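Nothing here was measured: the structure is a model prediction, and the numbers come from that model.
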Amino acid sequence: MDDFERHGIGVVSGRDACAHALHSPGLTSDPGSGSPSVLLRDGEDHARVRGVLREIIAGLEPLPDSVRASIKAVVGGLGTSFDLVRDFARPVAGAVTSAVLGVPLDDVFLDHLERTTANLDVFGGTDRAGQASAFRLAVQLSRTPAGPGGLTALREAHAASRLDEDELMLNPVVLAHAAYENSLNFLACAGLELASSSASKSVRELVTSICPARYVLRFGPDGPLAVSLTDGLPFGLGRHACPGSGVALAEGEVALTAVAKLLDNGCEVGDVEWKTHPVFHGLAKAVVTRSGNR
């Protein structure tokens, strides 16, 4: 029995069937729990909160020079041997997430953010550690002084009655997780492909082939469905399509171009360990040892 079957979740696969499901008015992202999360809503409330988040993301389009410089600084600081997850993908994704929120983020914050992954146990209400980390981050962000960026914009939206108290408390964590988790997994996997293959692919081709978020959850009259994104739909479709796809592609372009230059003289890859999550595809570890220094 796989994880989906264990939770009573059906699976939709094949591009046409998945595209239809993602556009279907008969399927919803709302499990009926009354969650204030933009991810678990539909209708006017979803459109209202998504509109606020989209305004925040637009502030990073095009990707600011300061963010580009932060990404290049991470890659420039990589040594002769480095872990694609710990030393590359995590700090790059963390830097971009920090820019999205407009607040500095430390390793403790990122540790808790990784524990909030919206896995099937969270859907089932049994992942207490993940829920505790999400609550901790929500409280921390509610008390954090913020400069220009997403956290300030969310507070301003609340002051203007565009968000209610619960939406203001939870959606900063949702925004942080959306900016961080898929970038972390994509950058590490794409870095591994660059280090392991001589074939050249664009960032969009890499995103499509890697597809770090493999499924999205929808609810219908016959129960919950996991809709596959692996057949050319890495950013989803329809009203819940990823609003930050442009930022994600720009982030990947800067980071992977810099890594490719770093590995021009060749490298070896070892200690490759994969995550086993049924939804989020990513590496746990992969050590790259450069053959020479530029």
**Student:** Does Val227 belong to the same Ile/Leu/Val/Met/Phe/Trp/Tyr cluster as Val38, with side-chain heavy atoms less than 4.5 Å apart forming each link?
**Tutor:**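 Val227 and Val38: separate clusters.
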**Student:** In Å, rounded to the nearest 0.5 Å, how long is the span from OG of Ser291 to CD of Glu268?
**Tutor:** 6.0 Å
**Student:** Please check if the number of heavy atoms outside Arg136 that lie under 6.0 Å from its CZ is greater than 12.
**Tutor:**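 Open.
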**Student:** For a 4.5 angstrom cut-off between non-hydrogen side-chain atoms, does Lys261 reach Thr257?
**Tutor:**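 A side-chain contact under 4.5 Å exists here.
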**Student:** Test: side-chain hydrogen bond (donor to acceptor under 3.5 Å, both in side chains). Region: residues 47-61. Which pairs qualify, not counting sequence neighbours?
**Tutor:**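 Matches after skipping sequence neighbours: Asp45-Arg48, Arg48-Glu167, Arg54-Glu61, Glu55-Arg162.
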**Student:** Going through the distances and angles, do Phe186 and Val207 end up as a side chain to side chain contact (heavy atoms under 4.5 Å, CB included)?
**Tutor:** CA-CA 7 Å; Phe186 167 66; Val207 171; 3.5 Å; yes
**Student:** Can Leu249 be reached from Phe88 by stepping across I, L, V, M, F, W or Y side chains whose heavy atoms are under 4.5 Å apart?
**Tutor:** yes
**Student:** Could you pull out all residues at least two apart from Tyr215 that satisfy side-chain hydrogen bond (donor to acceptor under 3.5 Å, both in side chains)?
**Tutor:**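 With sequence neighbours excluded, Tyr215 shows a side-chain hydrogen bond (donor to acceptor under 3.5 Å, both in side chains) to no residue whatsoever.
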**Student:** Between Phe280 and His277, is the ring pair (Phe, Tyr, Trp, His ring centres under 6.0 Å) condition met? List the steps.
**Tutor:** CA-CA 6 Å; Phe280 293 100; His277 197 283; 5.3 Å; yes
**Student:** About how many Å separate CD1 of Ile57 and CG of Leu53, when rounded to the nearest 0.5 Å?
**Tutor:** 6.0 Å
**Student:** State whether the side chain of His7 and the backbone N or O of Asp3 hold a donor-acceptor pair below 3.5 Å, judged by distance alone.
**Tutor:**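 Indeed, once roles are kept as given, a pair shorter than 3.5 Å links the two residues.
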**Student:** I'd like to check Ile9 versus Pro224 (side-chain heavy atoms, cut-off strictly below 4.5 Å). Are they in contact?
**Tutor:**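 Ile9 vs Pro224: side chains touch.
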**Student:** Decide whether His46 and Asp30 meet the rule of one side-chain donor and one side-chain acceptor closer than 3.5 Å.
**Tutor:** no
**Student:** Any side-chain heavy atom of Ser133 sitting closer than 4.5 Å to one from Glu114?
**Tutor:**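 Side-chain contact under 4.5 Å: no.
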**Student:** How close do Lys275 and Asn185 get, heavy atom to heavy atom, and via which atoms?
**Tutor:**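 Nearest pair, atom of Lys275 first, then Asn185: NZ-OD1, 2.7 Å.
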**Student:** So do Leu78 and Val75 actually touch side chain to side chain, heavy atoms under 4.5 Å?
**Tutor:**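 A side-chain contact exists here, since the closest heavy-atom pair is under 4.5 Å.
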**Student:** Can you find a heavy atom in the side chain of Ser183 that is under 4.5 Å from one in the side chain of Glu251?
**Tutor:**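 With C-beta onward as the side chain, the pair touches.
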**Student:** Looking at SG of Cys242 and CG of Leu233, how far apart are the two atoms once the value is rounded to the nearest 0.5 Å?
**Tutor:** 13.0 Å
**Student:** Hey, what do you get for NE2 (His177) to OG (Ser37), rounding to the nearest 0.5 Å?
**Tutor:**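 Output value for this atom pair is 10.5 Å.
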**Student:** Compare all side-chain heavy atoms of Thr230 with those of Ser13 and state whether any distance is below 4.5 angstrom.
**Tutor:** no
**Student:** Are Val85 and Leu263 connected into the same hydrophobic cluster when the rule is that any two of I, L, V, M, F, W, Y join if their side-chain heavy atoms are below 4.5 Å apart?
**Tutor:** yes
**Student:** Do the side chain of Ser142 and the main chain of Val139 share a donor and acceptor less than 3.5 angstrom apart?
**Tutor:** yes
**Student:** For Ala153 versus Ile56, what's the shortest heavy-atom pair and its separation?
**Tutor:** CB-CG1, 3.6 Å
**Student:** Taking Ser98 for its side chain and Val103 for its backbone only, find out whether a donor-acceptor pair lies under 3.5 Å.
**Tutor:** yes
**Student:** Do Trp274 and Lys285 make a side-chain contact, defined as non-hydrogen atoms from C-beta onward lying under 4.5 Å apart?
**Tutor:** no
**Student:** Under a single-linkage definition using a 4.5 Å side-chain heavy-atom cutoff for Ile, Leu, Val, Met, Phe, Trp and Tyr, are Val174 and Met169 assigned to the same hydrophobic cluster?
**Tutor:**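 In one cluster with Val174: Met169, no.
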**Student:** Please determine whether the number of non-hydrogen atoms from other residues, nucleotides or ligands lying under 6.0 Å from atom CZ of Phe219 exceeds 12.
**Tutor:** yes
**Student:** Could you check whether any side-chain N or O of Thr152 sits under 3.5 Å from a backbone N or O of Gly149, counting only pairs where one atom can act as donor and the other as acceptor?
**Tutor:** no
**Student:** Taking all atoms of both residues into account, what is the closest heavy-atom pair of Val203 and Leu256, and its distance?
**Tutor:**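 What the structure gives for the nearest pair is CG2-CD1, 4.3 Å.
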**Student:** Are Val49 and Leu163 close enough that some pair of their side-chain heavy atoms sits under 4.5 Å apart?
**Tutor:** yes
**Student:** Give the minimum heavy-atom separation between Arg239 and Thr28, together with the two atoms involved.
**Tutor:** NH2-CA, 4.2 Å
**Student:** Hey, could you give me the CG/CG distance between Leu283 and Asp271, rounded to the nearest 0.5 Å?
**Tutor:**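 These two atoms lie 12.0 Å from each other.
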**Student:** Taking only residues two or more places apart in sequence, or in another chain, which ones meet His158 in a ring pair (Phe, Tyr, Trp, His ring centres under 6.0 Å)?
**Tutor:**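 Scan of His158 (ring pair (Phe, Tyr, Trp, His ring centres under 6.0 Å), adjacent residues dropped) gives none.
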**Student:** Which atom pair, heavy atoms only, marks the closest approach of Gly232 to Thr208?
**Tutor:**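 Distance-wise, the nearest heavy atoms are CA-CG2, 3.7 Å.
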**Student:** Hey, what do you get for OG1 (Thr97) to CG (Leu184), rounding to the nearest 0.5 Å?
**Tutor:**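 Reported value, rounded in 0.5 Å steps: 9.0 Å.
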**Student:** Would Val67 and Ile71 count as a side chain to side chain contact (heavy atoms under 4.5 Å, CB included) here? Give the steps.
**Tutor:** CA-CA 6 Å; Val67 179; Ile71 294 172; 4.2 Å; yes
**Student:** Do other residues, nucleotides or ligands put more than 12 heavy atoms under 6.0 Å from Lys72 NZ?
**Tutor:** no
**Student:** Before you tell me yes or no, could you show the steps for Lys201 and Ser209 under side chain to side chain contact (heavy atoms under 4.5 Å, CB included), namely the whole-Å CA-CA distance, both residues' side-chain angles and the distance that decides it to 0.1 Å?
**Tutor:** CA-CA 10 Å; Lys201 291 184 179 180; Ser209 63; 3.9 Å; yes
**Student:** For Ser197 and Glu193, indicate whether the former's side chain and the latter's backbone hold a donor-acceptor pair under 3.5 Å.
**Tutor:**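 Answer holds: no.
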**Student:** Between Leu40 and Leu27, is there shared hydrophobic-cluster membership here, with clusters defined by ILVMFWY side-chain heavy atoms closer than 4.5 Å?
**Tutor:**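 No, because Leu40 and Leu27 fall into different hydrophobic clusters, even though each may have its own neighbours under 4.5 Å.
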**Student:** Do Ser29 and Arg218 get their side chains close enough for a donor-acceptor pair, meaning under 3.5 Å?
**Tutor:** yes
**Student:** Between Leu63 and Glu253, does a side chain to side chain contact (heavy atoms under 4.5 Å, CB included) hold up when you go through it step by step?
**Tutor:** CA-CA 11 Å; Leu63 203 63; Glu253 189 70 42; over 6 Å; no
**Student:** Step by step, work out the salt bridge (charged side-chain N to carboxylate O under 4.0 Å, His left out) result for Arg90 and Asp111.
**Tutor:** CA-CA 10 Å; Arg90 179 179 163 109; Asp111 286 342; 2.9 Å; yes
**Student:** Ignoring hydrogens, what is the shortest heavy-atom contact between Phe4 and Ala226? Give both atom names and the distance.
**Tutor:** CE2-CB, 3.4 Å
